[in-house]
Number of protein chains: 2
Amino acid sequence: MKMLDVLKSISNQTRLNILTWLKDPFAYFPNEELADYSPSLGVCVSDIAKKAKMSIPTVSVYLKTMSAADLLVATRKDQWTYYKRNEEAIQELAQLIKEKL
Amino acid sequence: MKMLDVLKSISNQTRLNILTWLKDPFAYFPNEELADYSPSLGVCVSDIAKKAKMSIPTVSVYLKTMSAADLLVATRKDQWTYYKRNEEAIQELAQLIKEKL
DNA sequence: TAGGGATTTAGGTAAATGCCTAAATTTGAT
DNA sequence: ATCAAATTTAGGCATTTACCTAAATCCCTA
């Protein structure tokens, strides 16, 4: 894990929010959008963009950045790309800060 | 603690390095510079700037930013400003990431 | 109170980041 | 093969960040 890239990828309020939203999608996204939600997939790009009130392209690259930093896991299914949190990597980051930083 | 400001303040390789150096000054700074080192004070601006191979003004504002984010503690003594880590805040950050992020 | 060392503040430029719209691509369904 | 929906890629502009040098300030000591 590249500590600096991970840190950069969460040094933005929107990206930080996305991480929070994905922690508990039912608490943050309209239920109808989660009709066929599955924890193994996560939430799709456009739903996240709508929640963020930001353009889809912007959010698309944010998500891509975060998955490049290994904080999110992307799954393409049909024409949708779903993103979910990578809990292991997040815990690993906390651990790294705790003992190595 | 403002999570975002803290994260921003460590989203830079040099500032990340400084945090590492201050964790164990004797391992990273020339011993003669630490002649009157005391853990309660830390290391002064110009020694840190020299170690970073960066201009003093740049490092001065980096350090100030980090202490504004509460990651460092500054102590002015005579004409020197010493900086040391704020271990509590760093642990708090790790904790915050672990359970709230 | 003048001089000098350490630091901070100001001011500037280049690079990176934040976001957008438009265009291109992917993929399922007629 | 074609259309439409979702996403990604490209390109662009505004703001922030990363540094620097020069000037100002702080604080000692003569």
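No hydrogens, no waters, no symmetry mates; every other heavy atom, side chains included, goes into these values. In what follows, chains are A, B, ... by sequence order, proteins preceding strands, each numbered from 1.
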**Asked** Atom CG of A:L16 and atom P of C:dG18: how far apart are they, to the nearest Å?
**Response** 12 Å
**Item:** Rounded interatomic separation in angstrom, taking CG from B:L41 and P from C:dA6
**Value:** 16 Å
**Request:** Quick one: list whatever passes side chain to side chain donor-acceptor pair (under 3.5 Å) with A:T75, sequence neighbours left out.
**Result:** none
**Asked** What integer distance in Å separates A:D78:CG from C:dT30:P?
**Response** 13 Å
**Prompt:** What is the distance, rounded to the nearest whole Å, between atom CD1 of A:I10 and atom P of C:dG18?
**Reply:** 13 Å
**Asked** Is B:R15 near enough to D:dT17 that one of its side-chain N or O atoms lies under 4.0 angstrom from OP1 or OP2?
**Response** no
**Message:** With a 4.0 Å cutoff (strictly under), does any side-chain N or O of B:N12 reach OP1 or OP2 of D:dC19?
**Reply:** yes
**Request:** Measure from NZ on A:K8 to P on C:dG18 and round the result to the nearest Å.
**Result:** 10 Å
**Prompt:** Rounded to the nearest 0.5 Å, what separation is found between the OG atom of A:S9 and the NZ atom of A:K2?
**Reply:** 13.5 Å
**Message:** On the nucleotide D:dC19, are OP1 or OP2 found under 4.0 Å from the side-chain N or O atoms that B:Y62 carries?
**Reply:** yes
**Item:** Considering all heavy atoms, the nearest B:L41-B:Y82 contact
**Value:** O-CB, 3.4 Å
**Complete:** A:I18 CD1 to C:dC19 P, in whole Å, measures 11 Å
**Fill in**
Readout for nucleotides 5-10 of chain D: B = base within 4.0 Å of protein heavy atom, S = sugar-phosphate only, - = neither; 5' to 3' it is -SSBB-
**Fill in**
Angle separating the five-pair end axes of the helix from C:dT1-D:dA30 to C:dT30-D:dA1, nearest 10°, is 20°
**side chain to side chain donor-acceptor pair (under 3.5 Å) contacts in which one or both residues fall within residues 15-24 of chain B, not counting sequence neighbours** = B:Q13-B:N17
**Asked** Could you give the NZ-to-C1' distance, from B:K77 to D:dC26, as a whole number of Å?
**Response** 17 Å
**Asked** Do the side chains of A:I56 and A:V45 get nearer than 4.5 Å, heavy atoms only?
**Response** yes
**Asked** Is B:E33 salt-bridged to B:K51, cutoff N-O under 4.0 Å?
**Response** no
**Prompt:** What pairs with A:K100 under side chain to side chain contact (heavy atoms under 4.5 Å, CB included), at least two apart in sequence or on another chain?
**Reply:** A:L96
**Complete:** Rounded to the nearest 0.5 Å, the CG atom of A:L101 sits from the CD1 atom of B:I90 at a distance of 5.5 Å
**Request:** Let me know the distance between CG of A:D5 and C1' of C:dA16, rounded to the nearest Å.
**Result:** 13 Å
**Message:** Just to verify, what does A:E92 make a salt bridge (Lys or Arg N to Asp or Glu O under 4.0 Å) with, not counting sequence neighbours?
**Reply:** none
